[in-house]
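The shown structure was predicted, so the numbers you read here are calculated from the model rather than taken from an experiment.
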Amino acid sequence: MSRRLIEPTRLHDVVVVGARCAGAATAMLLAAAGHDVLLVDRDTFPSDTLSTHAIARSGVVQLNRWGLLPDVLATGAPPLREVVFRNDDTSITRTVKERLGVDMLIAPRRHILDSLLIDAAVSAGAQLVTGVTVDGVRRSHTGRVSGVEARTTAGPVMYPARFVVGADGRGSRIARSVGASFTEVRGEDSAAHYAYFSADWPAMEYHIGDRSFSGVFPTNDGEVCIWVCTPADVALHARRSHVSIDAAFDALLASASPELSERVSATATRRSTARGIIGMPNHIRKPVGPGWALVGDAGYHRDAITGHGISDAFRDAELLATALDLVLCGDADERPALSGYHSTRDEQLREIFEITCELTTYPSPDRFMELQKQLGVAVDTQAAILAALPLPQLAAA
């Protein structure tokens, strides 16, 4: 027997589907601007998600602009002021210089960061509903998206809205429901695996190997995230050749960086089972249409090798929130405002997307290091662009 659709009568300004980095940040900024925002997610929080969770300078600048950086540091996420690059027997240590109001990088655990952003969104006025599985969008008689259809423990439900924002990750159901086309698709021939260890290592570390990239991200609770990136076929062979994912991870790390592997064995204590993904997509979707928009991985996904996913999510959240605010306030027409978000997002993602795609070919160590230098410049350039934006209402209040 079918269950009756429960249709709330309240029309929201925006329904944001997906309450992690991109969605929570978008909801926070829109709610702080005075809009009626509903934030829904199938998960409950705090909860973890697949992520190595490093935040580049551009992302730290965003947290600082939004007034949230002190809250993140208060969770025990250590401020990281040194970055170490290792290539064979060469080691270079660089200090994170003060620029644009920040002098650190951070790598907070996702169950902590996402919950903090959700709390900020709710404090700004957004309504949060968890345990909601969204099946797709609902359209008006004109074809415009007018809300989402979902399921809760109480039964089917429809949430009407002037705009629907898909922030539901790389496999976005909202993107599929609205038919958001791919504008660019590259290879997905890389893999990443990581695990958590207790260790007192204060610096971010990057180890460049032969067709491999590995490193260390210090995080909450005195732990470090140890990670290794390899071509997908190498990771698949390791997974098939070992009895457990932990054994496969250990083998991948030992091959990628014997020095780091030995240090882990000698001085660190494993605190988690390894996790990983083989075949990470590099693609860009059209992110806007009548009554809908995509943000974060739902609209643009790149391999984890550049560690820029959270920073991308923060950038795009503000770009989209700014565009939707103009439309909802009557200060701009929908089509040019959303087209502006689309074009600005595509312009700002381009350089790091190209660097990411080349890095996933695992070029020679010398070329790999050159690309890392280019990445550093690109991140600082993007951070400067973001720092120059008008402060959103949340931070200005």
Side-chain angles (χ1 to χ4, degrees), residues 2-27 29-31 35-43 121 126-183 281 283-301 313 316-317 319-321 323-328 333-342 345:
S2 62
R3 302 176 71 179
R4 182 176 63 86
L5 181 69
I6 304 169
E7 295 199 28
T9 58
R10 177 176 170 185
L11 175 67
H12 300 281
D13 290 329
V14 183
V15 170
V16 179
V17 180
R20 294 196 181 273
C21 285
T26 304
L29 294 167
L30 285 168
H35 302 298
D36 182 338
V37 180
L38 177 66
L39 179 62
V40 302
D41 201 294
R42 65 184 178 185
D43 289 336
Q127 178 187 354
L128 172 69
V129 182
T130 58
V132 175
T133 300
V134 173
D135 294 318
V137 299
R138 172 170 281 200
R139 296 181 184 270
S140 70
H141 69 280
T142 65
R144 177 186 175 83
V145 169
S146 59
V148 297
E149 295 183 354
R151 289 170 284 122
T152 70
T153 55
V157 63
M158 198 277 283
Y159 297 114
R162 295 173 65 185
F163 289 95
V164 170
V165 172
D168 48 342
R170 68 179 182 274
S172 171
R173 184 164 290 185
I174 296 299
R176 297 197 305 271
S177 182
V178 300
S181 59
F182 291 104
T183 60
H283 63 230
I284 304 170
R285 285 185 186 267
K286 177 184 177 182
V288 296
W292 63 269
L294 305 175
V295 71
D297 286 351
Y300 158 55
H301 190 276
D316 294 349
L319 292 176
L320 178 57
L324 288 176
D325 176 52
L326 289 172
V327 177
L328 291 166
D333 291 333
E334 176 181 336
R335 187 169 181 176
L338 292 186
S339 294
Y341 161 64
H342 183 179
R345 183 207 67 166

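Nearest heavy atoms, L39 versus A121: CD2-CB, 4.4 Å. Closest approach of A317 and A22 over heavy atoms only: CB-O, 3.8 Å. Residues I284 and R345 come closest through the heavy atom pair CG2-NH2, 3.1 Å. Considering all non-hydrogen atoms of both residues, A313 and C21 come closest at CB-CB, 4.3 Å. The nearest pair of heavy atoms linking A31 to A126 is CB-N, 3.5 Å. Closest heavy-atom contact between A19 and L128: CB-CD1, 4.4 Å.
Partners of H35 according to the side chain to side chain donor-acceptor pair (under 3.5 Å) rule, which considers only residues two or more places apart in sequence or in another chain, are D325. For D41, the salt bridge (Lys or Arg N to Asp or Glu O under 4.0 Å) test picks out no residue, with sequence neighbours left out. Applying the side chain to side chain donor-acceptor pair (under 3.5 Å) rule to S181 yields no partners; only residues at least two apart in sequence or on another chain are considered. In this structure R151 satisfies the salt bridge (Lys or Arg N to Asp or Glu O under 4.0 Å) test together with D135, sequence neighbours excluded. Residues forming a salt bridge (Lys or Arg N to Asp or Glu O under 4.0 Å) with R20 (at least two apart in sequence, or on another chain): D43, D114. Every residue meeting the ring pair (Phe, Tyr, Trp, His ring centres under 6.0 Å) condition with Y300, not counting sequence neighbours, appears here in chain and number order: F353. Residues satisfying the ring pair (Phe, Tyr, Trp, His ring centres under 6.0 Å) criterion with H301, sequence neighbours excluded, are absent altogether. Here D316 pairs with nothing under the side chain to side chain donor-acceptor pair (under 3.5 Å) rule; sequence neighbours left out. Applying the side chain to side chain donor-acceptor pair (under 3.5 Å) test to H342 and every residue at least two apart in sequence or in another chain returns D346. Partners of R144 under the salt bridge (Lys or Arg N to Asp or Glu O under 4.0 Å) rule, at least two apart in sequence or in another chain, are E334.
Of the options V164, I174, V15, a side chain to side chain contact (heavy atoms under 4.5 Å, CB included) to V145 is made by V164 and by none of the others.
Here OH of Y159 is found 6.0 Å from OG1 of T152. Values are rounded to the nearest 0.5 Å. Here F163 contributes atom CZ and L320 contributes atom CG; the two are 9.5 Å apart, rounded to the nearest 0.5 Å. Taken to the nearest 0.5 Å, the CG atom of D297 stands 11.5 Å off from the CZ atom of R285. With rounding to the nearest 0.5 angstrom, the CG atom of L30 is 12.5 Å from the CG atom of L38.
Counting non-hydrogen atoms of neighbouring residues, nucleotides and ligands closer than 6.0 angstrom, the CZ atom of R176 exceeds 12 such neighbours. Environment of CZ in R139: crowded, with over 12 heavy atoms of neighbouring residues, nucleotides or ligands closer than 6.0 Å.
T26 has its side chain out of reach of V37: every pair of non-hydrogen atoms, C-beta onward, lies at least 4.5 Å apart. Residues V165 and L324 are in side-chain contact: their nearest non-hydrogen atoms beyond the backbone lie under 4.5 Å apart.
Residues in residues 155-172 take part in these salt bridge (Lys or Arg N to Asp or Glu O under 4.0 Å) pairs, two or more places apart or across chains: D13-R162.
Under the 3.5 Å distance criterion, the side-chain polar atoms of S146 are matched with a main-chain donor or acceptor of R138. One N or O on the side chain of S339 and one on the backbone of R335 form a donor-acceptor pair closer than 3.5 Å.
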Name every donor-acceptor pair, under 3.5 Å, that has one atom in a side chain of residues 287-296 and the other anywhere in the protein, sequence neighbours excluded.
none

- Show your reasoning for whether side-chain contact (heavy atoms from CB on, under 4.5 Å) applies to V148 and V132. CA-CA 11 Å; V148 297; V132 175; over 6 Å; no

- Can you list the steps and then say if R10 with Q127 is a side-chain contact (heavy atoms from CB on, under 4.5 Å)? CA-CA 12 Å; R10 177 176 170 185; Q127 178 187 354; 3.4 Å; yes

